[in-house]
Enquirer: 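Encoded as structure tokens, here's the structure I'll be asking about.
Within every chain, numbering begins at 1; the chains are lettered A, B, ... in the order of the sequence lines, protein sequences first and strands thereafter.
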Amino acid sequence: MPRYDAKRIEAHWQQYWETNQTFRTKDTVPTGDAAKKPKLYVLDMFPYPSGSGLHVGHPEGYTATDIVCRYARMKGKNVLHPMGWDAFGLPAEEHAVKTGTHPRETTEQNIATFKRQLKMLGFSYDWTRELATTDPDYYRWTQWIFLQIFDTWYDADFVWIGPDGVERKGKGRPISELPMPGDILSGTALAAGESIENVIRRYQDKHRLAYVSDAPVNWCPALGTVLANEEIIDGKSERGGHPVVRMPLKQWMLRITAYADRLASELDELDWSDSIKFMQRNWIGRSTGAEVDFRIAESQASGGRQPSGTTAVFDIWKALRQSTGFPRDPESDVIRVYTTRPDTLFGVTYMVLSPEHPLVQKITTDAQRSAVDEYIRKSSLKSDLDRTDLAKEKTGVFTGGYAINPVNGERVPVWIADYVLISYGTGAIMAVPAHDERDYEFAKAFGIPITQVVAPAPGSGHIADLENSVFTETGVAVNSGKYDGLTTADFKSQISNHLSQAGLGKEAVNYRLRDWLFSRQRYWGEPFPIWHELDADGHPTGLMRADTVESLPVLHPHMDDFKPTGTPEPMLAKATPEWLFKTDTDGVKLKRETNSMPQWAGSCWYYLRFCDNKNSASFIDPAKEKYWLPVDLYIGGAEHAVLHLLYSRFWHKVLFDRGHVSRPEPFQKLVNQGMILGEPDHTAFEDIETGIVLDPKLVTRLEIEGIVNYWHEGKKVAKATRSDSDYRRQGDVAEFWNSEGWDQTVPKGEFIKSCPAKWVESAATKMSKSRGNVINPDDVVNDYGADSLRLYEMFMGPLEQVKPWQMNGVEGVYRFLGRVWRLMIDDRAESVILSAAVVDTAPPVDQLRILHKTIKAVTDDIDRLAFNTAISRMMEFTNFMSGQETRIKSVLEQFILLLSPFAPHISEELWLALGHSGTLAYEPWPSYDPQLLVEDTVEVPVQINGKVRAKIIVPANSDAASLEAAARVDEAVQKNLDGKTVVKVVAVPGRLLNFVVK
RNA sequence: GGCCAGGUGGCGAAAUAGGCAGACGCACGGGACUUAAAAUCCCGGGCCCCUAAAGGGGCGUACGGGUUCGAUUCCCGUCCUGGCUACCA
């Protein structure tokens, strides 16, 4: 009983916090004096409640935020710290396919497990704000936000002043404000049998931020759904690693590309790590360059070469081009390319169309047609994986066609090759083998000429050796007619101007980011609040109607059979006709959209709902949004650095443009915790003869008379180790225990002579079920308690760093808590009573001093999120106090307050034992007296030529002269200075003294 | 291949406006308590050399250079590890 009993203490205080609603945040926006309290919104990335329960990686970030929140409450802040569940997703549905259990049931069970585990760790969440993305009350508003996006178009030219006073361009605006082109207004766009209203609706549908597209998508048969580009890695599904095929399907897309510029540029104002910002910018992949038109040569038969050189080229072209000017139909007689290096136009020696390019058929000559068709067929069969595998070998086929280089009139051959992607830029490139790596490889492979047009800038140290390597640096133009001698930068801006004046090209911006494929074919996702109109025969007309806000949420239909359809037909298409069809008030027949939303949808806006999770009239009360947003601190894994954070920022910006939220960015400060790796396994053996690493699971351990022998498939492979009692290492040699004692030292990497296997030390790796190295938080809490788990995860190392688990480390912090306990509790008494060493008198200066040092250090460290060093400072305090005969109660009290954010349960218990009642959660955070941090005397190292030769104790405020004087009388210093000439003395008062001698 | 982050004892790590390298913890060794063990408490420790010991000397923050009175910290080059990204024109 009087010993530190984590289990009893933790159960008691968790009960106390729950009964007293200790961490409930007031549901109203504070007014009057309360409004003067600063607010702090601290958010964890909410977990997907998987069937396997909490992983030790989860509490890492959650403990960090919990420390910040508990600290902030004591600092007098109004804290919002919620938790919820990202609960839609495939696993529950896959489970339903296997067992017939409804996904909702599985989800609810998993949530219950997660919730129990989180409560067991004593996090100070306001559980009244709990939400799950699968709650109809929640996804009602997910559907509502979708309708907002559906109702919005992007006006790229709209100029407006942001809330920060900065002028911005481009804004999402209501679809009703979309300007109509002249032919619609004049009625000339009217097709036979179609009303003008429908023509307008079709035009609007094309411009919505949520639109239906027929483009090729990634269909994953194994998962029974299409996947976003972002969900595919090396041509396989991110989830499960299943193959993916590309096929054209009608799918919902969100026009995230419209926001690409703002998503990139508005990162600047955020307090995120550079690497995350970099990854987001990289993903958006903005590049600037030019689009240039190459006219297709009139006839392949005409051998008449256009005059070479730059003479009047632009004039010739002006005459040739049609009067429509540059922005014209790219499928006519020009090949439009995108390039970031318009300065290399004179170096174009061929062009490449992607195999899917619409001009391929038109340009291909009869002689080449069969070869071209064969190449197209082959590349369409290639999965993305094959394309990556063959990345080194360039392939392609000549079409037989030629195009005219607009700057010099040269005829250049047009090829097709799958290294040019239809989905980026214009799907066609001008190839400059001299100055582009890929073009260089291709030209070398097919014997295409290489023309140098950029020379290294004088003095740059670069050389251009085009026989053997490509030159991609910037430099000075050569072989470029009148542009010769211009630097790359000057050339770029001049040529862009000239091209655009001549109507041959224009400056252009391209993004790597593609529009977001937003539909899935699964059951367990939000249904779309959209209906498709049907004509009298029951065929879709292509026109859509949105559900009214009042009719939300669109609930899932009841289904007993969760087997995928095996085709791209969505699961919801198997619903009953009652769910699928209705006749609208105007008599039009409607069919429901049967796709569902991807898992990302719910997580795009949950941080908003936490502020106001019971609101049935609106997704969030604007006053609450204004008060709580932005999230002040957002902590989660780096795996969400790109997708989740990009998607939710996009949604937030749409909501902002439409006036539903007051700021353009949701997450002010973002921190990514580093992954916790599995404990390195010391039992691994490599067969000396074959070099094969043996599966530790197949190695049997047999202990005879203190010697551990290992057997693998009937063969003795090694003896010794796992436990440290029979293995030890000193420097580069290992020693093994055998019957004679410690064996002779053996060089590292070898093993005991008689053993046909050598020792292999395995590195720490990701925790995974297959490796069997998953640590279950339940076990840790059971053995050591929640406070120890929390403390250990914070003590392991810097929050953002990847670090391996070591169960011994938990033991260490557990011992620390035991020491703290015994510092003040009499552990031989029957009940929890203060130890006799604790006295309530005025503290001696040394106890006071270390207390105030600790207060400062811990406070600063929490502010920096440097929890590992904060804990080590508290350990130092404890070590010091353990050695004190009497410990002053007031000192211990202040210390307990410092400890409480880290180890709240034991702290509450000790606070109570120290004579307080109730919780310490809102006690004022200790402050320190700077006077007490100043020592009277300091020890200063004395260096001779940079080497420490002595240490002197001097008054803390000694100046340079008195430092030197004190050092010169020191015996060791004198000895070292003897017979030498002091050339120079460097004195840093309070820190160091250095004699430079000869 | 490109970009980013990092390389410090047996291990996790600490210390950078350039100033005593290795705090704190683990593991290890020695001791105390105990019939014994566990628990707890105390002491030790980067490596190498000299010394019986006290003590002293040398080398040390991946490697090679540089700047400086002084470099784990700044600069240049090399090697290695982790992460992201991979034909984005």
Side-chain angles (χ1 to χ4, degrees), chain A residues 3 233-234 273-276 278-279 282-283 285-287 289 337-341 344 352 354 387-388 390-392 394 417-421 423-432 436-439 441-442 510-514 638-639 641-642 674-675 677 680 724-725 728-732 734 748 763-764 791-792 795-798 800-813 815-816 818-819 822 827 866 868-876 878-879 882-883 939-948 950-951 983-988 990-997:
Chain A
R3 296 253 305 255
I233 290 163
D234 288 343
S273 76
D274 287 341
S275 72
I276 297 292
F278 183 85
M279 281 164 68
N282 224 23
W283 193 264
R286 184 182 201 272
S287 74
V337 301
Y338 171 73
T339 177
T340 54
R341 291 291 300 272
T344 60
V352 184
S354 113
R387 285 202 189 187
T388 2
L390 299 172
K392 272 146 213 149
K394 291 272 183 295
D418 65 4
Y419 82 92
V420 174
L421 310 174
S423 50
Y424 185 78
T426 60
I429 61 157
M430 56 178 234
V432 186
D436 180 278
E437 225 164 287
R438 295 147 301 180
D439 299 344
E441 274 177 43
F442 191 87
N510 250 300
Y511 299 94
R512 210 185 79 105
L513 184 70
R514 313 285 149 81
E639 66 273 19
V642 177
M675 204 189 335
L677 302 178
D724 290 292
S725 58
R728 69 181 188 192
R729 212 166 73 191
Q730 302 285 339
D732 273 355
K748 184 178 169 186
L791 214 48
Y792 172 62
F795 187 58
M796 287 171 86
E800 298 189 59
Q801 189 169 303
V802 177
K803 40 212 176 276
W805 184 271
Q806 288 185 340
M807 202 52 97
N808 283 331
V810 187
E811 185 94 35
V813 293
R815 281 205 282 259
F816 162 65
R819 281 162 73 86
R822 286 188 301 276
D827 67 350
N868 53 335
T869 48
I871 293 167
S872 74
R873 299 309 288 262
M874 290 190 285
M875 286 173 168
E876 286 180 75
T878 308
N879 291 346
S882 302
E939 192 188 53
V940 173
V942 181
Q943 298 181 337
I944 315 285
N945 280 350
K947 292 210 159 87
V948 179
K951 288 178 183 179
V983 185
K984 189 177 173 182
V985 180
V986 182
V988 186
R991 307 231 44 171
L992 157 142
L993 186 70
N994 188 15
F995 289 101
V996 186
V997 299

Enquirer: Please state the C1' separation for the pair B/C49 and B/G60 - nearest whole angstrom.
Expert: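 14 Å, rounded to whole Å.
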Enquirer: Is the base of B/C20 touched by the side chain of A/Lys951 through a donor-acceptor pair closer than 3.5 angstrom?
Expert: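 When only heavy-atom distances are counted, A/Lys951 does reach the base of B/C20 through a donor-acceptor pair under 3.5 Å.
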Enquirer: Using atom C1' in both nucleotides, what's the gap between B/U61 and B/U8 to the nearest angstrom?
Expert: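 Result for the C1' pair: 4 Å, nearest Å.
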Enquirer: Assign A/Glu811 to base, sugar-phosphate, or nothing according to its heavy-atom contacts below 4.0 angstrom with the strands shown.
Expert: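 Since no nucleic acid heavy atom lies under 4.0 Å of A/Glu811, the category is nothing.
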Enquirer: Using the test side-chain contact (heavy atoms from CB on, under 4.5 Å), find all partners of A/Thr878 that sit at least two apart in sequence or belong to another chain.
Expert: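 Partners of A/Thr878 under the side-chain contact (heavy atoms from CB on, under 4.5 Å) test: A/Phe816, A/Arg819, A/Val820, A/Leu823, A/Ser882, A/Phe895.
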Enquirer: Between A/Arg822 (CZ) and B/C41 (P), how many Å, whole number?
Expert: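 So the CZ-P distance, A/Arg822 to B/C41, works out to 5 Å.
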Enquirer: Can you tell me how far C1' of B/A15 sits from CD of A/Glu876, to the nearest Å?
Expert: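 One finds 12 Å between C1' of B/A15 and CD of A/Glu876, rounded.
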Enquirer: Check whether any side-chain N or O of A/Arg819 sits under 4.0 Å from OP1 or OP2 of B/C41, and answer yes or no.
Expert: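 A/Arg819 to B/C41 OP1/OP2: side-chain N or O found under 4.0 Å.
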Enquirer: Once hydrogens and angles are ignored, does a donor-acceptor distance under 3.5 Å link the base of B/C69 to the side chain of A/Asn994?
Expert: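 Result: at least one qualifying N/O pair found.
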Enquirer: Mind checking A/Gly812 for me? I need base, sugar-phosphate or nothing, with any heavy atom below 4.0 Å counting as a touch.
Expert: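 Sugar-phosphate, backbone atoms only, no base.
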Enquirer: Classify the nucleic acid contact of A/Phe278 as base, sugar-phosphate or nothing, counting any heavy atom under 4.0 Å across all strands shown.
Expert: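 Sugar-phosphate, no base atom in range.
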Enquirer: OP1, OP2 of B/A89 versus side-chain N and O of A/Arg512: anything below 4.0 Å?
Expert: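 No, because none of the side-chain N or O atoms of A/Arg512 sits under 4.0 Å from OP1 or OP2 of B/A89.
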Enquirer: Nearest whole angstrom, please: distance from the C1' of B/A15 to the CZ of A/Arg991.
Expert: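 It works out to 10 Å between those atoms.
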Enquirer: Roughly how many Å is it from CZ in A/Arg286 to C1' in B/A89, rounded to a whole number?
Expert: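 A/Arg286 atom CZ is separated from B/A89 atom C1' by 17 Å.
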Enquirer: Which whole number of Å gives the distance between the P atom of B/A62 and that of B/C11?
Expert: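 It works out to 14 Å between them.
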Enquirer: Quote, to the nearest angstrom, the P distance that separates B/G56 from B/A21.
Expert: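 Per the computed distance, 16 Å lies between those P atoms.
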Enquirer: With sugar-phosphate meaning primed atoms plus P, OP1 and OP2, does A/Ser882 contact a base, only sugar-phosphate, or nothing at under 4.0 Å between heavy atoms?
Expert: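 Result for A/Ser882 = nothing.
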Enquirer: Please determine if a side-chain N or O atom of A/Asn868 lies less than 4.0 Å away from the OP1 or OP2 oxygen of B/A14.
Expert: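 Result: yes.
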Enquirer: Considering only the P atoms, how many Å lie between B/U40 and B/C63, rounded to the nearest integer?
Expert: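 Each nucleotide's P atom is 39 Å from the other's.
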Enquirer: B/C48 and B/A53: how far apart are their P atoms, nearest whole angstrom?
Expert: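 The same atom, P, in both gives a distance of 16 Å.
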Enquirer: Could you tell me the separation between the CG atom of A/Asn282 and the P atom of B/A5, rounded to a whole number of Å?
Expert: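 It is 13 Å, rounded to the nearest whole Å.
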Enquirer: How far does the C1' atom of B/G30 sit from the matching atom of B/U35, given to the nearest Å?
Expert: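 Taking atom C1' in both B/G30 and B/U35, they lie 22 Å apart.
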Enquirer: Quick one: label A/Asn879 by what it contacts on the DNA or RNA (base, sugar-phosphate, nothing), any heavy atom closer than 4.0 Å.
Expert: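 The residue A/Asn879 makes sugar-phosphate contact but no base contact.
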Enquirer: Counting side-chain heavy atoms from CB outward, which of B/A39, B/G19, B/C24 is closest to A/Arg3?
Expert: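 Out of B/A39, B/G19, B/C24, the nucleotide with an atom closest to A/Arg3's side chain is B/A39.
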Enquirer: What residues, two or more places apart in sequence or in another chain, satisfy ring pair (Phe, Tyr, Trp, His ring centres under 6.0 Å) together with A/Tyr792?
Expert: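 Only A/Trp805 meet the ring pair (Phe, Tyr, Trp, His ring centres under 6.0 Å) criterion with A/Tyr792.
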Enquirer: Between B/A14 and B/G22, how many Å separate the two C1' atoms, rounded to a whole number?
Expert: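 Result for the C1' pair: 7 Å, nearest Å.
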Enquirer: Rounded to the nearest angstrom, tell me the gap between atom CZ in A/Phe795 and atom C1' in B/C11.
Expert: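 Atom CZ in A/Phe795 sits about 13 Å away from atom C1' in B/C11.
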Enquirer: Atom NZ of A/Lys803 and atom P of B/A14: how far apart are they, to the nearest Å?
Expert: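 Nearest whole value for this atom pair: 10 Å.
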Enquirer: Using the ring of A/Phe442 (Phe, Tyr or Trp, six-membered ring only), decide whether A/Lys394 places NZ or CZ under 6.0 Å from its centre and within 45 degrees of its axis.
Expert: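 That pair does not qualify as a cation-pi contact.
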